[in-house]
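Data first, discussion second: the structure below is written as C-alpha cells.
Note that ligands are numbered from 1 as they come in the structure, with each ligand's atoms numbered from 1 the same way.
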Amino acid sequence: MKGAMLVGGFGTRLRPLTITIPKPMLPLVNRPFLEIELLHLKQYGVDDVVLSTGYLPAIFDEYFGDGSKLGMNLVRVAEDKPLGTCGAIKNVAEHLGREPVIVCNGDILTDLDVGALVKYHKEKGAAVTITLTPVEDPTAYGLVPLDEEGRIIEFLEKPSWDQVVTNLINAGTYVLDPRVLDQVPPGENYSFERQLFPDLLAQGEPMYGFPSDCYWLDLGTPEKYLAAHHDILEGHVDVPIDSRSSGDRVFIGEGVKIDESARIYGPLLVGNGVEIGPEAEVGAQTCLGDGVKVGAKAHIEGSVILEGAVIGEGCSIDHSIIGRGTVLGPEVRVAELSVLGDNIEAGGENEFRRGIRIWPSTIIEAGKIKF
Ligand code: GDD
Ligand code: MG
C-alpha cells in the first residue's frame, strides 16, 4: 500500500530546535523521529511512501535518500511555497495511484493498528476515513463529531471551548480515496481540515471516523517532545531503542565512559560515546545523545541533551532540552521546559528558567542571564 507523509511545516512551536532541523527529523531516542514513523507504517506493508517536504528539504534527502536503507521506496517532493496540508498531498498525487492511500501528519507518535484502520475504511466503503483520538484539551486540534454509525457530522478545526461537543479529535492519520483530490486546485494553498473535508461532507461523500485508544501524541511543543521521550523510555509505547538495556530500562550505547562515582537512574538512554564525569547524577527519563559530555557533579533529570552537547561541571538540567553541540560552562542551571538551540556557548553560572528559548549559535558571557 502507498502512503504520503506531510513533513513540510516550519515547526514553529518547537523553535529554536526547528531553526536548524525540521520537526520530523528531530531525534527521538536518538534517531530521527520520521524514521520511527516510517518503520511503523512499513510493519503494515506501507512501504512505498511520498514525503511532502518544504522546509529544509535537503536534511530529509541526505538522511533517507531513496529509502533503500529502511527497505522502503521513498519519493521526496519539495514544495517551492507552503501548500497547506491538502495542497501538499494534491502536489504529490501523481505518485499515489488510484487505490486508497494512507496520509499521515509527520509529527504524530502512535502505535495505531494501521491494518485495522484500512480494513474499517474498506468495510464502510468510505471516501475518507480519519483516525480519531480522545484528548483532554481539544481546542488545540481538529474536533470531529460522529453519528452512531461512525459517520462524520462536522469538522471544527481548533474549536473554542463552547464548540467542544466531544473529546475525539483528528489524530492526523487518514485513509483517502485519491479521487477526492481531483477537485482540489493544483499549486494552491489548500487545507484538508478547513476546506476539502468540510466540502466533501457537504457533497454527501461517505466520511468516517475511526476512534482509537492507541498511544497517540502530537510532538509539536517542547513539553510534548519531552513527554514522547519519557513515554518511550518508560515503555508506554513500543519504539525500538538501538542500545543495550540492563533490564531496568537503562539503555547504554557503545563506547560509553561513566565514572565509577557517577550515579545513573533509569529509565534512561545514554547514546554512543557519551562521557559522564565523577559524582555526576543522571536521573530518570533522560536521553543523552551520541557524544554528549557530562561534567563532574552535574545533575540531569527528565531532559533531552542532543548530540555532542557539553554539560559543564556542577550544571543542573531539569525538564529541559539542550541542542546539538551546545556547550555550557560550570554551574549553569537550565529548568522548567527551557530550550537551548544548537551550538550555543553559555559561560558559567547562567540560569535559564520558565520556558526560556535561546536561539542557535548564541554566545552568552558567564553570569549574564538569571531568568
Ligand atoms: N508539505 C507540507 N506543506 N506539510 C505541511 C504544511 C505545508 O504547507 N503545513 C503543515 N504541514 C505538515 C506539518 O509538517 C505536520 O507534519 C502536519 O502537516 C500537520 O501540521 P501541524 O502544523 O502540526 O498541524 P496541527 O498539529 O496544528 O493540526 C493538525 O494535526 C492535528 C493532530 O495533531 C490538524 O490536522 C488537526 O486537525 C489535528 O487534530
Ligand atoms: Mg501537529
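Residue-to-ligand polar distances place Asp218 within reach of ligand 1: an N/O pair is separated by less than 3.5 Å. Considering backbone and side-chain N/O of Gly8, one or more are found under 3.5 Å from N/O of ligand 1. The shortest N/O to N/O separation between Tyr141 and ligand 1 does not fall below 3.5 Å. When only interatomic distances are considered, the shortest N/O to N/O separation between Gly84 and ligand 1 falls below 3.5 Å. The shortest N or O to N or O distance between Leu6 and ligand 1 is under 3.5 Å.
In this structure, OD2 of Asp218 and OD2 of Asp107 enclose an angle of 110° at the Mg ion (ligand 2), rounded to 10°.
When the heavy-atom distances from atom 1 (N) of ligand 1 to Ala171, Ser52, Ala140 are ranked, the shortest goes to Ser52. With distances taken over non-hydrogen atoms, the option nearest atom 9 (N) of ligand 1 out of Ala88, Gly9, Cys104 is Gly9. Closest heavy-atom approach to atom 39 (O) of ligand 1 among the candidates Asn170, Thr221, Leu168: Asn170.
Atoms of ligand 1 found under 4.0 Å from any heavy atom of Leu83, numbered from 1 in the order shown, are 8 (O). Close approach to Val7 involves these atoms of ligand 1, each under 4.0 Å from a residue heavy atom: 14 (O). In the vicinity of Lys158, heavy-atom distances shorter than 4.0 Å reach the ligand 1 atoms 25 (P), 27 (O), 28 (O). The Lys23 neighbourhood of ligand 1 comprises atoms 23 (O), with distances under 4.0 Å to a heavy atom of that residue. Of all the atoms in ligand 1, the ones that sit under 4.0 Å from a non-hydrogen atom of Tyr174 are 35 (O). Using a 4.0 Å cut-off to heavy atoms of Pro82, the atoms of ligand 1 that qualify are 8 (O). Near Gly142, meaning under 4.0 Å from any of its heavy atoms, are these atoms of ligand 1: 36 (C), 37 (O), 38 (C), 39 (O). Every atom of ligand 1 with a heavy atom of Ile108 under 4.0 Å away is listed here by number and element: 33 (O).
When all heavy atoms are compared, the tightest approach of Thr221 to Leu14 is C-CD2, 3.5 Å. Smallest separation of non-hydrogen atoms from Ser320 and Val334: CB-CG1, 3.6 Å. Nearest heavy-atom pair across Thr110 and Leu112 is OG1-N, 3.1 Å.
In this structure, atom 37 (O) of ligand 1 has protein heavy atoms in its sub-4.0 angstrom surroundings.
For the pair Lys119 and Phe210, the cation-pi criterion (under 6.0 Å, within 45° of the ring axis) is not fulfilled.
The side chain of Trp216, and not its backbone, has at least one atom closer than 4.0 Å to an atom of ligand 1 (non-hydrogen atoms only; side chain from C-beta on). Proximity of Phe155 to ligand 1, defined as any heavy-atom pair under 4.0 Å, is not found for any part of the residue. At a heavy-atom cutoff of 4.0 Å, ligand 1 is contacted by the side chain of Arg13 but not by its backbone.
Classification of the Phe197-Phe192 ring pair by plane angle, with boundaries at 30° and 60°, yields parallel.
Each of Arg151, Arg179, Lys124 was checked for a salt bridge (Lys or Arg N to Asp or Glu O under 4.0 Å) with Glu205, and the lone residue meeting it is Arg179.
Following chains of ILVMFWY side-chain contacts shorter than 4.5 Å, one cannot reach Leu288 starting from Ile321, and the two form parts of different hydrophobic clusters. A single hydrophobic cluster is seen to contain both Val239 and Val304, as judged by linkage of ILVMFWY side chains at heavy-atom distances under 4.5 Å, directly or through other members.
Here the SG-CG distance, from Cys214 to Asp111, works out to 5.5 Å after rounding to the nearest 0.5 Å.
Residue-environment remark: CZ (Arg263) stays at or below the threshold of 12 foreign heavy atoms within 6.0 Å.
Among protein heavy atoms, atom 23 (O) of ligand 1 sits closest to Asp107 OD2, 2.7 Å. In this structure, the protein non-hydrogen atom closest to atom 34 (C) of ligand 1 is Glu193 OE2, 3.2 Å. Protein heavy atom at the shortest distance from atom 30 (O) of ligand 1 is Asn105 ND2, 3.0 Å.
The existence of a salt bridge linking Glu223 and Arg13 is excluded, since no basic side-chain nitrogen approaches an acidic carboxylate oxygen closer than 4.0 Å. Ion pair Asp182/Arg98 flagged as a salt bridge, since at least one NZ, NE, NH1 or NH2 atom sits closer than 4.0 Å to an Asp/Glu carboxylate oxygen.
Using a 4.5 Å cut-off on side-chain heavy atoms (C-beta onward), Ile358 and Ile364 make contact. Glu79 places none of its side-chain heavy atoms less than 4.5 Å from the side chain of Thr53.
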